[in-house]
Structure formats: C-alpha cells, structure tokens
A.B. asks: 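My questions all concern the structure below.
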Amino acid sequence: MKRKSAAESAFFSPRFVVGFVLCLIGTILALLGFGLLSGGSASAQGPNQNQASSDIEVGASYRNDVSPPMRDVPPWAAAGLKPQHEANENPKVPYRHTDSADPVIQKTSVSIRNMVAPSVPSPILNFDGIPFPGVGCNCAPPDTNGAVGKTQYVQIVNEGYQVFDKATGTSVLGPNSISSVWTGFGGVCETSGSGDPVMLYDHLADRWVITQFAGVSGGPITDECVAVSTTADATGTYNRYGFHLGSNFFDYPKLSVWPDAYYMSMNVFNATGTSYLGPQAFAFNRAKMLAGLPATFISPTGPLGGSVDPFLPADIDGPTLPPTGAPATFVGFPGQASNPNYTTYHFHVDFATPANSTFTTFATPPAAGFSALCPTTRSCVPQAGTSSRDNLDGIGDRLMFRAAYRNFGTYESVVSNYSVNAGGVAAVRWFELRNVTAGPVTVFQESTYQPDTTWRWMGSAAMDGQGNLAIGFSASSSTINPQLRYAARLATDPLNTLGQGEAHLFDGTGSQTGTSNRWGDYSALVIDPVDDATFWYTNEYYSANGSFNWRTRIASFKLASAAPTPTPTPTPVPTPTPTPTPTPAPTPTPTPTPTPAPDFSLSITPSSVTVPRAGGTASYTVTIAPTGGFNSPVTLSVSGLPAGATGSFSPNPATGSSALTITVSSSTARGTYPFTVTGTGGSPPATRTTTATLIKAARK
C-alpha cells in the first residue's frame with residue numbers, strides 16, 4: 001500500500017480540521033495508526049518518530065528442507081547457459097535531491113600528500129575470482145560480493161558462487177551455480193533464480209548465508225531464496241527456504257545479520273517495474289533458520305511510499321554484540337529534496353507475538369550537502385578507449401552495500417558510503433554514525449573523497465576492531481581502464497580524512513562496451529572474524545575491451561596489527577537458537593596447512609580467436625598447473641560452443657598441456673561466443689574450469 005506524504009497531509013489546515021473534526025478525527029487517527037501520513041517530510045521519511053507501523057505482515061516459508069552437501073552437487077552444465085542479457089532491470093529510484101555545495105570534500109593538502117606518498121599497505125593475497133559468464137548467467141553486471149569465515153572465503157556473483165581457502169586463495173569448490181544450492185528443492189528457487197545475490201558469514205553462529213531473488217519466468221521478482229549452512233563449512237549442507245514476498249517487483253535485496261533476525265531491505269516497484277513504491281524492510285526468523293525449522297518473516301505491510309529513499313540494514317562486525325534488546329537499525333540514503341539526512345529507522349521484531357513488532361523512524365541526523373551523480377542517465381562514468389555511449393552507470397541514488405555496524409563498548413558505529421558528483425567527477429562520500437540504537441544518533445564524521453580528476457564510485461566501507469576504516473571502490477577515467485582501488489584511515493588520523501591514502505588493488509586492462517552501461521550494482525568489503533583486522537574486498541574489472549566479458553578480483557589487506565578475538569556467543573532470543581556456543585580454542589587463529597592438498601588449476605591461451613565467415617579452425621592451448629604434488633591425468637571437455645562448432649583435445653587426458661582445436665562450419669552464425677573448458681582429475685576427483693572466447697567474423 002502506498003503511503004501518503006506529509007505534503008498531502010498538509011492540506012488539512014486548522015480551519016478545515018475544525019470544520020469537519022467530528023467526521024474526520026476517526027479517519028485521521030486510523031491513518032496515523034497505520035503510518036499513512038508519513039514518508040515524505042523533508043526531515044524524516046517513513047513512519048513518524050517513535051510511532052509504530054501497526055500494520056504488520058507475517059509470511060511463512062512455503063518450503064524448507066536440508067540440502068545435500070554442496071561438495072556432492074553436480075557442477076553446472078553448459079546446457080543451462082542463458083542468452084546474453086542484463087542481469088536484471090534494476091529500475092532507477094526517482095530523483096528528488098537538490099544539489100548544493102559540498103562542504104566536506106577532503107582537504108586538497110591531505111589528498112596531495114597521500115597521493116604522492118601513500119601509507120596504505122599493499123594487498124596480502126590478490127587473486128582472480130569468478131569470470132564471465134558467471135555460472136550460466138551469461139549476463140552483466142556480475143553484482144560481485146563475498147564473505148569471509150574462519151578458514152574460507154566465499155565469493156558470489158550473478159549467478160554463481162565459489163569457495164576459496166582463505167590462507168592460500170586456492171579454490172575449494174566451484175564455481176557452481178547459486179541455483180544448485182536449491183537442487184531438488186523445486187519451485188522458482190531451483191528453476192528461476194535471477195541473481196542480485198548476497199553472501200554473508202554469520203560470525204555469531206559460525207554459519208554461511210546464501211541468498212538470491214527469484215520469480216516466475218516472464219513475471220516480476222516476487223520471491224527470496226535463503227539458505228543457511230548447517231556447519232562452518234561452506235561446502236557442506238544448508239537449511240533451505242523459499243519466501244514469497246508479494247506480487248510487486250522486489251528489487252535490490254540487501255541482507256544483514258543481527259542477533260534476533262536476518263534483516264533485509266528491498267526497493268519495491270510495481271509488477272511491471274515502471275513505478276517506484278518505496279523501500280520495504282523484512283525480518284527473517286534467524287533462530288528457526290539456524291535450526292532448520294519452518295520459519296516466518298515479519299514486515300511492515302507494503303513499501304513505505306514512492307517519496308521515501310532506499311535504506312540498508314546494519315550488519316554486525318566484531319565480537320561485541322549490540323546492547324541487549326537493541327532494535328535492528330536501518331539507515332536511509334539522504335536523497336531528500338531539502339534538508340537531506342541519514343534517516344535512521346528502528347525495527348523491533350517479535351516472532352512470538354508479531355503484533356508487538358514495530359518499525360519506526362528513530363532519528364534524522366543531517367547529511368552534508370552534495371551534488372547527485374548521474375541523476376538522469378545511466379551513461380556517466382568514462383573509460384579509456386570507448387565513446388561516451390559506453391560510459392558506466394554510477395548508481396548515485398542509494399547507499400552502497402554494506403552498512404557495517406560495530407559496538408566498541410563505549411559507543412556504537414555504523415559506516416557506509418554512496419557516490420556523489422564532486423569537481424565534475426564521481427567521488428565516494430563516506431560517513432560514520434554514532435550510537436544508532438540508543439541515541440542520540442550523530443554524524444561523527446563524513447567526507448567526500450575526490451583527490452584528483454579520476455572517477456571513483458561503487459564503494460564498500462568497513463571498520464576493523466581498532467576503529468581503522470577502509471573503503472574499496474572502482475576507479476576510471478577517459479585515460480584509464482576501470483581499476484580496483486582502496487583508501488583508508490587509521491583511528492588516530494584527523495577526522496573526516498582518509499589519511500592513509502590510496503592503493504591499487506588491481507588495474508584492469510580493458511573497458512566495457514555495451515551491456516546497457518551497467519557496471520555492477522555493488523561490491524563488498526568485509527572483516528576477517530578471526531583477527532578482526534584483515535579486510536577482504538571483491539569487485540569486477542575487464543581484461544580486454546568488449547561486451548559481456550567481465551572478470552572479478554579478490555584481495556585482502558590489513559591496516560594495523562590486532563590480536564585475534566574469539567567468536568562471540570549470541571544473546572538468547574525469544575525463540576531459543578539451537579546453535580551451540582562456540583568454545584574459544586587456546587589459539588583462535590587457524591594454523592594454515594603447511595603443504596596444500598594435491599590440486600590443479602586450468603588456464604587457456606589465447607583468450608580469444610577469430611575465424612573467418614566461411615568457417616575454419618581456432619587453436620588454443622590449455623595448461624594444467626599442478627599444486628601440492630598433484631600428478632594425475634586430467635580429462636578435458638569443452639562447453640558453450642555455438643551450433644556448427646566442435647572441439648577436440650590432443651592429448652586427452654593430459655598432464656601438462658593440451659591443444660584444443662575448435663572446428664567452425666560455414667553454417668555457424670557470426671557472433672562472439674564465450675566457452676568453458678572443464679578439467680576433471682585426481683582422487684577424489686577435482687573439477688576446475690577456465691574460459692575463452694570464439695569469434696565468428698562478420699565478413700570473409
């Protein structure tokens with residue numbers, strides 16, 4: 001149900017109210033009770049301050065079960081490859097913001113000093129993640145994000161996930177399709193997963209959370225598919241759930257961990273995606289999902305209204321829990337037409353008595369003025385070697401994933417960021433709110449990072465256990481290909497500055513063309529739960545100019561040393577969680593295995609070969625790189641070739657390298673065809689993949 005705005009309620013002048021008080025007072029009280037007279041004021045959005053949203057929706061999982069171990073699920077089959085397409089519609093949120101001078105751009109003197117002699121450390125690990133086409137998605141953008149646990153890092157993109165050993169960066173599982181997590185589950189979660197994935201590590205329970213949205217083919221996105229691991233091993237079994245949210249188009253799901261629930265924000269549109277209806281908050285019963293029991297969700301009924309800006313739920317980092325009974329916090333994007341603010345919402349959820357649940361506006365700390373980025377176009381951020389028609393979408397209408405929460409004992413902190421226009425280029429506006437659950441909520445610091453004329457956007461912010469802050473982001477300009485970088489500040493640096501400067505995580509060697517100007521919807525910077533100090537960042541890049549050929553990168557870095565901290569014990573919730581209390585080991589930091597298990601990786605050269613219009617052959621070399629003493633033959637296969645093309649390997653099986661010859665007939669349609677080479681070998685069998693491109697020329 002669409003909320004009325006404060007502007008609409010203002011038409012009830014005192015004289016008018018007095019004249020019709022007897023017939024209107026009941027109606028006004030009812031509307032206030034249902035929160036319908038909120039959502040459009042300049043100082044607050046959504047439910048009025050300290051006022052409950054009494055119209056509560058309760059939904060139940062329409063199915064739940066336990067998956068087979070992911071390590072035993074068959075890998076993705078090339079037959080499931082989809083046509084090249086934009087990952088999802090991702091309609092824009094209406095633009096209302098009024099541009100104003102930016103008073104918090106980082107001082108030029110600090111920026112110049114940091115650019116000349118940055119103090120930010122280089123990456124520790126730096127390795128490639130899942131490449132295009134993901135796992136059968138064949139789409140752009142990848143919507144790259146990931147999470148880190150005690151011994152594993154899991155990356156997720158449209159529409160695949162991969163598990164890595166966090167000590168070495170070697171692959172443990174995958175990449176596999178996200179939908180494979182729901183193998184045998186049935187319904188849209190198994191057959192119509194559509195991406196916008198989120199991977200979380202619930203460090204309070206030592207579990208993994210995988211989610212993506214789904215909907216009936218040809219219809220709107222209406223379901224959220226959530227899986228919670230049964231152990232600390234991301235390659236094991238999962239408690240699987242399907243939730244039907246309604247009949248609207250539920251876009252841009254962002255999940256978070258809080259002691260009493262898994263919270264989620266959605267940007268809601270009408271079924272055709274043509275009208276923004278506002279954000280909507282959801283709370284999923286975490287205790288039930290950890291136990292593998294049927295679970296419910298609670299939500300204020302319907303989105304908050306088209307005049308309310310998107311928000312994000314706060315996601316816990318660190319060993320210290322929020323104050324006992326503290327409500328989950330949501331923070332809104334400051335897109336108001338006047339008096340922009342970080343509208344702070346409180347969600348009190350009661351799964352035992354859902355009617356007691358409330359969703360309220362708690363505070364409206366002001367945001368510094370700024371100019372909106374790409375307010376009316378998706379073609380904004382320039383790249384080297386491309387025309388303006390291939391400029392990239394800056395997505396300047398929402399907060400960027402995540403809103404990272406941390407309790408330092410004497411105060412609470414939430415850090416996040418969004419993209420703005422500063423000095424005519426994209427810049428990262430980051431901020432830190434204090435005391436978001438108990439108040440008073442204040443903007444402790446905020447700044448716009450724009451040290452030069454390079455465009456910086458698609459950021460993700462996090463803070464370590466010592467209060468040091470880092471932001472990972474994309475960087476591009478008309479003279480450089482899109483790059484991955486990060487900037488940082490120590491807790492002792494002057495406020496409102498990224499005082500440690502900037503580091504290059506990975507410099508792409510290509511620019512993107514086509515794909516509707518999309519460049520990801522989010523990236524992810526997360527904190528290692530073992531030492532509470534190591535940052536892990538993942539984002540996308542291109543290795544060569546082209547369409548639908550993205551790559552992803554994963555890297556870790558540390559700003560300062562920190563002693564390991566044990567995983568905290570969750571505070572009991574109304575429905576007791578069956579999760580056992582983890583016992584801190586004498587040495588919490590896991591000891592890496594000195595010698596890795598036998599394994600191998602695949603690579604292919606060249607990355608692309610063109611054959612003439614009349615047909616012919618394309619020759620590639622597939623290299624098998626053993627690690628950990630691997631010496632078994634590897635059986636090779638190729639998938640994803642177009643009709644009329646066949647591939648053969650010599651030798652096959654192979655131990656070092658193999659020549660791949662692809663024969664292309666004259667009947668093969670011209671076009672660009674990414675394909676996948678799969679190798680299987682060893683005992684127990686390990687499967688690895690690599691990708692390349694075949695091009696059928698348009699002319700002889």
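This is a predicted model, so every value here is computed, not measured. For reference, positions follow the sequence shown, starting with 1. These numbers come from the heavy atoms of this one structure, side chains and all, not from hydrogens, waters or symmetry mates.
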A.B. asks: Do V157 and P197 have side chains that get closer than 4.5 Å, going by heavy atoms?
C.D. replies: no
A.B. asks: For a quick check under 3.5 Å, do D233 and Q152 share a side-chain donor-acceptor pair by atom type?
C.D. replies: yes
A.B. asks: Backbone N or O of F362 within a donor-acceptor pair of the T360 side chain at under 3.5 Å?
C.D. replies: no
A.B. asks: Which pair of non-hydrogen atoms, one from R240 and one from P68, has the smallest distance, and what is that distance?
C.D. replies: NH1-CD, 4.2 Å
A.B. asks: Give the minimum heavy-atom separation between I316 and P259, together with the two atoms involved.
C.D. replies: CD1-CD, 3.4 Å
A.B. asks: Counting only N and O atoms by type, is there a donor-acceptor contact under 3.5 Å from the side chain of N341 to the main-chain atoms of N339?
C.D. replies: yes
A.B. asks: Look only at the side chain of H203 and the backbone of G149, and say whether a donor-acceptor pair between them is shorter than 3.5 Å.
C.D. replies: no
A.B. asks: Is there a donor-acceptor pair closer than 3.5 Å between any side-chain N or O of H97 and the backbone N or O of F370?
C.D. replies: yes
A.B. asks: Checking side chain to side chain donor-acceptor pair (under 3.5 Å) between E412 and each of N435, T329, T320, T437, which is the one that passes?
C.D. replies: T437
A.B. asks: Do D202 side-chain atoms and L204 backbone N/O form a donor-acceptor pair below 3.5 Å?
C.D. replies: yes
A.B. asks: Over all heavy atoms of both residues, which pair between F351 and D260 is shortest? Give the atoms and the distance, please.
C.D. replies: CE1-O, 3.5 Å
A.B. asks: Is there a side-chain contact between P310 and Y252, using heavy atoms and a 4.5 Å cut-off?
C.D. replies: no
A.B. asks: Okay, side chain of S419, backbone of W457: is any donor-acceptor separation there less than 3.5 Å?
C.D. replies: no
A.B. asks: Hey, what's the ring geometry for F431 with Y418, parallel, tilted or perpendicular (30° and 60° as the breaks)?
C.D. replies: tilted
A.B. asks: Quick one: does NZ or CZ of K254 land under 6.0 Å from the six-membered ring centre of Y522, within 45 degrees of the ring axis?
C.D. replies: yes
A.B. asks: Report yes if some heavy atom in the side chain of S179 is under 4.5 Å from a heavy atom in the side chain of T191; otherwise report no.
C.D. replies: no
A.B. asks: Under 3.5 Å, is there a donor-acceptor pair linking the side chains of N270 and T274?
C.D. replies: yes
A.B. asks: State whether the side chain of N517 and the backbone N or O of D393 hold a donor-acceptor pair below 3.5 Å, judged by distance alone.
C.D. replies: no
A.B. asks: CG of D397 to CZ of R96: how many Å apart, nearest 0.5 Å?
C.D. replies: 9.5 Å
A.B. asks: How close do G195 and Q212 get, heavy atom to heavy atom, and via which atoms?
C.D. replies: N-OE1, 2.9 Å
A.B. asks: Any idea how F243 and F297 line up, ring-wise: parallel (<30°), tilted (30 to 60°), or perpendicular (>60°)?
C.D. replies: perpendicular
A.B. asks: Any chance you could lay out the ring pair (Phe, Tyr, Trp, His ring centres under 6.0 Å) test for F213 and F250, step after step, and finish with the verdict?
C.D. replies: CA-CA 8 Å; F213 60 25; F250 293 86; 9.9 Å; no
A.B. asks: Identify the heavy atoms of G305 and P279 that sit nearest to each other, and give their distance.
C.D. replies: O-CD, 4.2 Å
A.B. asks: So, do Y342 and V441 sit near enough that their side-chain heavy atoms are less than 4.5 Å apart?
C.D. replies: no
A.B. asks: Do you see a donor-acceptor pair shorter than 3.5 Å between the side chains of T211 and E224?
C.D. replies: yes
A.B. asks: Regarding S523 and S460, do their side chains bring together a donor and an acceptor under 3.5 Å, going by distance alone?
C.D. replies: no
A.B. asks: Would you please test T144 and T538 for side chain to side chain donor-acceptor pair (under 3.5 Å) and show each step?
C.D. replies: CA-CA 7 Å; T144 312; T538 184; 5.3 Å; no
A.B. asks: So how far is it from Q155 CD to Y161 OH, rounded to the nearest 0.5 Å?
C.D. replies: 13.0 Å
A.B. asks: Anything under 30° is parallel, anything over 60° is perpendicular, the rest tilted; go ahead and classify F330 against F311.
C.D. replies: perpendicular
A.B. asks: Is it the case that E432 and S413 place a side-chain donor and acceptor less than 3.5 Å from each other?
C.D. replies: yes
A.B. asks: I'd like to know if the side chain of T183 reaches the main chain of S180, judged simply by a donor and an acceptor atom lying under 3.5 Å from each other, with no hydrogens or angles considered.
C.D. replies: yes
A.B. asks: In terms of the angle between their ring planes, are F284 and F282 parallel, tilted or perpendicular, with boundaries placed at 30° and 60°?
C.D. replies: parallel
A.B. asks: Which residue pairs pass the salt bridge (Lys or Arg N to Asp or Glu O under 4.0 Å) test when at least one of the two sits in residues 311-337, sequence neighbours left out?
C.D. replies: D315-R402, D317-R402
A.B. asks: Is a donor on one side and an acceptor on the other found under 3.5 Å between the side chain of N239 and the backbone of L293?
C.D. replies: no
A.B. asks: What verdict does the ring pair (Phe, Tyr, Trp, His ring centres under 6.0 Å) test give for W208 and Y238, after you've listed the backbone C-alpha separation in whole Å, the side-chain angles of each residue and the deciding distance to 0.1 Å?
C.D. replies: CA-CA 9 Å; W208 299 90; Y238 284 76; 8.7 Å; no
A.B. asks: Report yes or no: do Y201 and D206 form a side-chain donor-acceptor pair below 3.5 Å?
C.D. replies: yes
A.B. asks: With a cut-off of 3.5 Å and sequence neighbours excluded, list every side-chain donor-acceptor pair involving residues 215-223.
C.D. replies:
unit_1 : atom_1 : unit_2 : atom_2 : d
D223   : OD1    : H244   : ND1    : 2.8
D223   : OD2    : Y62    : OH     : 2.7

A.B. asks: What are the two closest heavy atoms between Y276 and V308, and how far apart are they?
C.D. replies: OH-O, 2.7 Å
A.B. asks: Between the main-chain N or O of D251 and the side-chain N or O of N267, is there a donor-acceptor pair closer than 3.5 Å?
C.D. replies: no
